[in-house]
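Read the structure below first, then the notes.
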Amino acid sequence: MNDPIPTVTFPGGASVPTIGLGTWMMGEDKSRMEAEIDAVRQALDLGITLIDTAEMYADGGSERIVGAALKDRRERAFLVSKVLPWNASFDGTIEACDRSLKRLGTDYLDLYLLHWRGEHPLADTVAALETLKASGKIRSWGVSNFDIDDMEELFELPDGKNCSVNQVLYNLSRRGIEFDLLPWCQERHIPVMAYSPIEQGRLLRHPELIHIANTYQATPAQIALAFLLDRDSVIPIPKTVSLNRLQENRDAVQLDITDEDFDRLDVAFPPPSRKVPLEML
Ligand SMILES: NC(=O)c1ccc[n+]([C@@H]2O[C@H](COP(=O)([O-])OP(=O)(O)OC[C@H]3O[C@@H](n4cnc5c(N)ncnc54)[C@H](OP(=O)(O)O)[C@@H]3O)[C@@H](O)[C@H]2O)c1
């Protein structure tokens, strides 16, 4: 029996499970479509209801997979998509959202993110996001790949403080945000979605991670996820198409890492002692 997944509450009041499903690389290959649709459905059944996609992924292909998976169960998901920076003018954002909604087969997104900063004025993007919210096409909005100076600029704008989330690269081998960005967001009750939480698999060969995992009869991926899940208002969104790995990743919420083992992780993956510019993948 699975224990319920703890939740994180967004500034707008929506509660979401503290682990989500990433979908980058889904929708690239027709022969994998069925397995990908199954994985998204299985995630919902396991309580991993936050599904992260983007217009960029497989040029809309990932949104089509998610749309197919949610066809008869849209209301069970907390659906997140993203607008590309070069589409993020006022009109461009509204049009990109309409295209995403069409591919996803839904009339609303739970959360819509600016994928990263581009050449369009942030004020125009925010105004479009607020317009989409007022029309009911999105329920909330946020940003991605915003470092602290971007967040500060955003918060100076009219309605900028309505930002619900910042989605950034965060895992054991990329701990830079712990120096400033993570506490900044936490102080303002803005959850951080941790993308590439197992560093796209590269973390899993680390000898110390393997060693610690063995002591819990867990996997390195579970320890990497448990490390993030221990942080306040951090939502890792690992991507997997494997049904076994979905269960494995979900079970990471039940792991309790001891202080001693957190200290070991700090030695193997030192936290930052100074500002590290935000990294992106
Ligand atoms: N906002 C942004 O700029 C941005 C950038 C990157 C990613 N993202 C989002 O974050 C999500 C996650 O990041 P990511 O896809 O880059 O990397 P990730 O989740 O760290 O790693 C995904 C890779 O790890 C494998 N994997 C998953 N669980 C595993 C497990 N328990 N054991 C072993 N291998 C496992 C997956 O393979 P299988 O599928 O074969 O299991 C896949 O190859 C993306 O899918 C996307 O939604 C956002």
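We count ligands from 1, going down the list as the structure has it; atoms in each ligand are counted the same way.
- Near His115, meaning under 4.0 Å from any of its heavy atoms, are these atoms of ligand 1: 1 (N), 2 (C), 3 (O).
- When Ser242, Pro236, Ser196, Pro238 are ranked by how near their heavy atoms come to atom 13 (O) of ligand 1, first place goes to Ser196.
- In summary, Asp261 and Arg264 engage in a salt bridge, as defined by a charged side-chain N under 4.0 Å from a carboxylate O.
- In Glu199, the part holding a heavy atom less than 4.0 Å from any atom of ligand 1 is the backbone.
- Side-chain atoms of Thr125 come within 3.5 Å of backbone N or O of Ala88 as a donor-acceptor pair.
- The nearest heavy-atom contact from the protein to atom 35 (C) of ligand 1 is Ile198 CD1, 3.5 Å.
- Residue Glu248 approaches ligand 1 through these ligand atoms, each under 4.0 Å from one of its heavy atoms: 30 (C), 31 (N), 32 (N).
- Nearest heavy-atom pair across Gln186 and Asp232 is NE2-O, 2.9 Å.
- The proximity of Asn249 to ligand 1, defined as any non-hydrogen pair under 4.0 Å, is limited to the side chain.
- Looking from atom 15 (O) of ligand 1 to the surrounding protein, the closest heavy atom is Lys239 CB, 3.4 Å.
- The pair Asp107-Arg74 does not count as a salt bridge, with every side-chain nitrogen at least 4.0 angstrom from each carboxylate oxygen.
- When distances from atom 24 (O) of ligand 1 to the protein are checked, a heavy atom turns up under 4.0 Å.
- For atom 47 (O) of ligand 1, the nearest protein heavy atom (residue, atom name, distance) is Asp52 OD2, 2.6 Å.
- Of the listed residues (Gln200, Met26, Arg245), the one carrying the non-hydrogen atom nearest atom 37 (O) of ligand 1 is Arg245.
- The closest protein non-hydrogen atom to atom 44 (C) of ligand 1 is Trp24 CB, 3.5 Å.
- Interface of Gln167 with ligand 1, defined as ligand atoms under 4.0 Å from a residue heavy atom, comprises 1 (N), 2 (C), 4 (C), 8 (N), 9 (C), 48 (C).
- The protein heavy atom nearest to atom 6 (C) of ligand 1 is Tyr195 CD1, 3.2 Å.
- Contacts with ligand 1 closer than 4.0 Å are made by no heavy atom of Ala54, backbone or side chain.
- A salt bridge is defined here as a Lys NZ or Arg NE, NH1 or NH2 lying under 4.0 Å from an Asp or Glu carboxylate O, and Asp147 with Lys275 meets this definition.
- Residue nearest to atom 11 (C) of ligand 1, selected from Ile51, Ile237, Thr240: Ile237 (by heavy-atom distance).
- A salt bridge between Asp52 and Lys239 is absent, with no side-chain N of the basic residue lying under 4.0 Å from a carboxylate O of the acidic one.
- The aromatic rings of Trp86 and Trp116 stand perpendicular to each other, their planes meeting at an angle above 60°, with 30° marking the opposite boundary.
- With a heavy-atom cut-off of 4.0 Å, Trp116 does not touch ligand 1 at all.
- Looking from atom 3 (O) of ligand 1 to the surrounding protein, the closest heavy atom is Asn145 ND2, 2.9 Å.
- Using a 4.0 Å cut-off between charged nitrogen and carboxylate oxygen, Arg245 and Glu248 do not count as a salt-bridge pair.
- Under a 4.0 Å N-O distance rule, the pair Arg76/Asp45 qualifies as a salt bridge.
- Near Leu204, with a cut-off below 4.0 Å to any heavy atom, the atoms of ligand 1 are 32 (N), 33 (C), 34 (N).
- Taking hydrophobic clusters as Ile, Leu, Val, Met, Phe, Trp and Tyr residues chained together by side-chain heavy-atom distances below 4.5 Å, Val234 does not share a cluster with Val276.
- Between Phe262 and Phe227, the two ring planes are tilted [angle within 30° to 60°].
- Close approach of ligand 1 to Ala221 is summarised as follows: ligand atoms under 4.0 Å from at least one heavy atom of the residue are 30 (C), 31 (N), 32 (N).
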